[in-house]
There are 2 protein chains.
Amino acid sequence: MARIALDAMGGDFAPRATVAGALQSLAEIEPAHTIQLVGQTSVVERELRDLLAGEFAGQSARGVRRDRLEIIEAPEIIEMTDKPGVAVRGKPDSSMIVGLRLQAEGKSDAFVSAGNTGAQMAASMIILKLHKGLKRPAIATVFPTSRQPVVVLDSGANVDCSADELTQFARLGAVYAEDILGRDNPAVGLLSIGEEPEKGNAVTKEAHEQLRASGLNFIGNVEGRDLPAGQCDRGPIDVVVCDGFVGNVMLKFYEAVAPMMLGILKRAGVEPDRLTAALKDLDYSEHGGAPLLGVRGVSIISHGKSSPRAIKNAIRAAVRAVDSHMNEHIGRGLQSVAGEGEAA
Amino acid sequence: MARIALDAMGGDFAPRATVAGALQSLAEIEPAHTIQLVGQTSVVERELRDLLAGEFAGQSARGVRRDRLEIIEAPEIIEMTDKPGVAVRGKPDSSMIVGLRLQAEGKSDAFVSAGNTGAQMAASMIILKLHKGLKRPAIATVFPTSRQPVVVLDSGANVDCSADELTQFARLGAVYAEDILGRDNPAVGLLSIGEEPEKGNAVTKEAHEQLRASGLNFIGNVEGRDLPAGQCDRGPIDVVVCDGFVGNVMLKFYEAVAPMMLGILKRAGVEPDRLTAALKDLDYSEHGGAPLLGVRGVSIISHGKSSPRAIKNAIRAAVRAVDSHMNEHIGRGLQSVAGEGEAA
């Protein structure tokens with residue numbers, strides 16, 4: 001049984017998209033799971049009423065029932081344009097802070113927000129705290145590929161990472177791939193500019209050596225070309241490790257490539273409907289939100305432009321994280337490494 | 001009048017693809033231009049004979065004539081797998097070294113190779129030398145976008161760049177965009193992870209400040225998403241500056257995205273012919289080779305898998321570089337900056 005707190009006020013299309021996403025997800029997740037809608041009660045109530053009487057009318061047999069939803073009052077809202085630090089300190093009664101605090105107090109199991117990403121990162125670190133032995137959390141994003149989806153991290157939480165940090169990201173990503181994507185002994189690649197260990201910048205060369213000794217299923221360096229393919233010469237890839245600068249550039253690039261190609265193909269007269277259907281797999285919203293890995297809890301970052309479908313998928317990811325005990329799994333993994341370090 | 005030296009032995013499909021590319025280009029470039037085929041004379045002669053009697057028979061009226069081609073003997077070959085330093089020192093009579101030396105001796109105006117990229121970079125720096133004031137050369141790659149093509153540099157020559165180096169890359173890229181792509185007062189963007197000057201890693205933040213004071217048409221930070229679009233909120237982009245690690249990852253990623261999407265669309269039943277035609281613009285070979293900017297001369301790096309068409313387009317780029325006096329233009333641009341620095 002998982003209790004998922006959703007920031008009802010977060011995101012460009014909130015509260016309509018968030019509440020609708022919550023309702024969509026009720027039809028999909030197991031009946032025992034519940035959703036906590038965190039926000040201004042009157043606003044959330046109105047959306048709920050509209051949607052249950054309209055788009056979602058008559059779906060109670062499918063699990064879309066008011067009694068699986070709880071509204072948690074949070075009068076303040078962190079805006080997209082608020083500075084993270086200022087927002088976290090200055091808006092203690094915002095939906096984001098209240099939602100995360102529920103988890104710290106044991107009243108919730110996971111938090112999902114499509115709001116201000118910087119604020120969510122800062123607040124998650126302050127309220128949930130980091131796992132012992134970790135220097136930084138990382139945002140893990142799932143990239144669609146020609147084969148299976150690949151976890152890329154960090155995709156924007158950290159710039160100027162050390163080799164130690166990249167190695168920690170590899171551990172976090174491996175747990176995520178195992179618990180959420182169901183990969184067995186996930187294959188971890190280090191993003192670089194050549195297969196050979198000596199190719200790369202100073203940090204990746206050092207990280208390569210660390211990863212070889214990490215006990216992870218490290219398959220060596222992978223290149224930009226291996227990512228859309230989902231594989232390299234040495235087989236399929238489950239996790240790609242890089243610093244948040246490179247990861248963020250690549251993520252945004254990727255998000256923009258599919259629309260660009262659609263534009264080119266439409267101008268060339270290829271039927272739009274066929275394209276849209278074919279490229280559905282490339283839609284980031286299919287893969288739900290991006291978890292902030294490393295905090296002691298579950299904090300899922302969704303895109304600011306999240307549709308109800310994207311919110312629903314983020315909730316599904318949150319449920320999987322809770323069901324698979326990903327958080328404890330990460331903590332154990334890091335402890336065993338710290339233990340080895342002390343023993344050595 | 002430009003004399004273009006082509007490494008006839010360089011590339012995965014050489015000498016067939018290189019010689020065929022040279023013949024294709026003769027039909028396209030002005031009649032005054034000539035091509036110097038550098039390689040093993042007997043091998044090159046045989047290819048020429050075959051192609052002129054076969055695929056290119058009867059095209060002399062279109063300019064495909066033996067007398068516009070010169071064969072320059074070079075008995076040795078630098079292999080794709082040779083270590084750059086070893087190859088450059090150990091194979092002084094290779095097609096690559098001989099071809100670049102022609103230019104240093106004033107017997108040629110530009111060099112094009114699809115051979116070992118590392119060796120071409122090292123040999124170009126040693127034989128042609130760098131422009132005064134430059135610390136490193138950069139590889140400039142032209143990325144197709146939804147709008148006009150965009151020059152991205154560095155795309156693989158340098159990792160761990162300083163802010164000074166990124167600023168120099170901006171100067172090199174601006175000249176390239178002006179001379180080769182015909183852009184007026186090219187708009188230069190700095191690749192980062194947010195529009196705001198304070199977003200990015202330590203080097204990009206410093207480079208941002210330098211670029212604002214550079215006298216270039218600096219439009220600020222651009223993000224991964226702006227590249228496929230060819231524009232950002234502030235208008236069209238002509239040049240994108242980044243270090244060679246990020247640039248190389250992105251370039252290889254981009255090259256692999258189009259084939260991946262084609263695969264998805266074909267599986268979805270979209271007619272392959274239509275797709276191939278529509279996506280021709282995304283084919284890197286349309287845009288010829290990537291110049292190594294900063295050396296005192298013209299050295300064009302082509303993809304190892306270059307087709308005759310790619311070689312032809314690289315030769316066209318070389319001709320444009322010579323015709324537009326890009327090399328002198330770069331030298332003047334760097335001198336005027338050095339002069340300002342001394343005056344200040």
Side-chain angles (χ1 to χ4, degrees), chain A residues 118 143-147 155-156 158-161 191-194 199-205 222-230 242-271 274-275 277-282, chain B residues 118 143-147 155-156 158-161 191-194 199-205 222-230 242-271 274-275 277-282:
Chain A
F143 276 45
T145 77
S146 299
R147 298 172 57 104
S155 57
N158 309 281
V159 293
D160 295 315
C161 296
L191 188 64
S192 191
I193 59 172
K199 288 278 179 74
N201 57 26
V203 170
T204 57
K205 285 184 225 174
V222 297
E223 297 187 73
R225 72 167 64 96
D226 303 328
L227 205 39
C242 57
D243 80 31
F245 187 90
V246 180
N248 188 268
V249 163
M250 221 165 40
L251 170 63
K252 289 180 180 160
F253 186 70
Y254 205 4
E255 286 178 2
V257 161
M260 166 205 164
M261 293 191 67
L262 275 183
I264 291 174
L265 292 167
K266 279 181 192 165
R267 282 197 297 276
V270 179
E271 286 167 61
R274 256 186 150 154
L275 291 177
L279 296 178
K280 212 186 72 173
D281 284 348
L282 289 180
Chain B
F143 276 45
T145 78
S146 298
R147 298 173 57 103
S155 58
N158 310 282
V159 293
D160 295 315
C161 296
L191 188 64
S192 192
I193 58 172
K199 288 279 178 75
N201 57 29
V203 170
T204 57
K205 284 183 228 175
V222 297
E223 298 187 74
R225 71 167 64 95
D226 303 326
L227 205 39
C242 58
D243 80 31
F245 187 91
V246 180
N248 188 268
V249 163
M250 223 167 37
L251 170 64
K252 289 180 178 161
F253 186 70
Y254 205 4
E255 286 178 3
V257 161
M260 166 204 164
M261 293 191 67
L262 275 183
I264 291 174
L265 293 166
K266 278 182 191 163
R267 282 198 298 276
V270 179
E271 287 167 60
R274 258 186 147 152
L275 291 176
L279 295 178
K280 212 186 74 175
D281 284 348
L282 289 181

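Below, chain A is the first sequence line, B the second, and so on; all start at residue 1.
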For this session: Look at the rings of F253(A) and F253(B) and say which category their plane angle falls in: under 30° parallel, 30 to 60° tilted, over 60° perpendicular.
Result: tilted
Exercise. Under a 4.5 Å heavy-atom cutoff, which of D243(A), V257(A), D226(A), V246(A) has the most pairs with chain B?
Worked result: V257(A)
Problem set entry | Closest heavy-atom pair and its distance - T204(A), F245(B) | CG2-CZ, 3.7 Å
For this session: Return the option, out of G194(B), S192(B), G156(B), A229(B), with the maximum number of heavy-atom pairs under 4.5 Å with chain A.
Result: S192(B)
Seminar exercise, completed: So NZ of K199(B) and CG of N248(A): to nearest 0.5 Å the spacing works out to 9.0 Å
Seminar exercise, completed: Distance col, row L251(B):CG vs I193(A):CD1, nearest 0.5 angstrom, shows 11.0 Å
Problem set entry | Test applied, side-chain contact (heavy atoms from CB on, under 4.5 Å); reference residue, V249(B); option that passes from V222(A), L191(A), L227(A) | L191(A)
Problem set entry | Sole residue of K252(B), E255(B), M260(B) in side-chain contact (heavy atoms from CB on, under 4.5 Å) with P228(A) | M260(B)
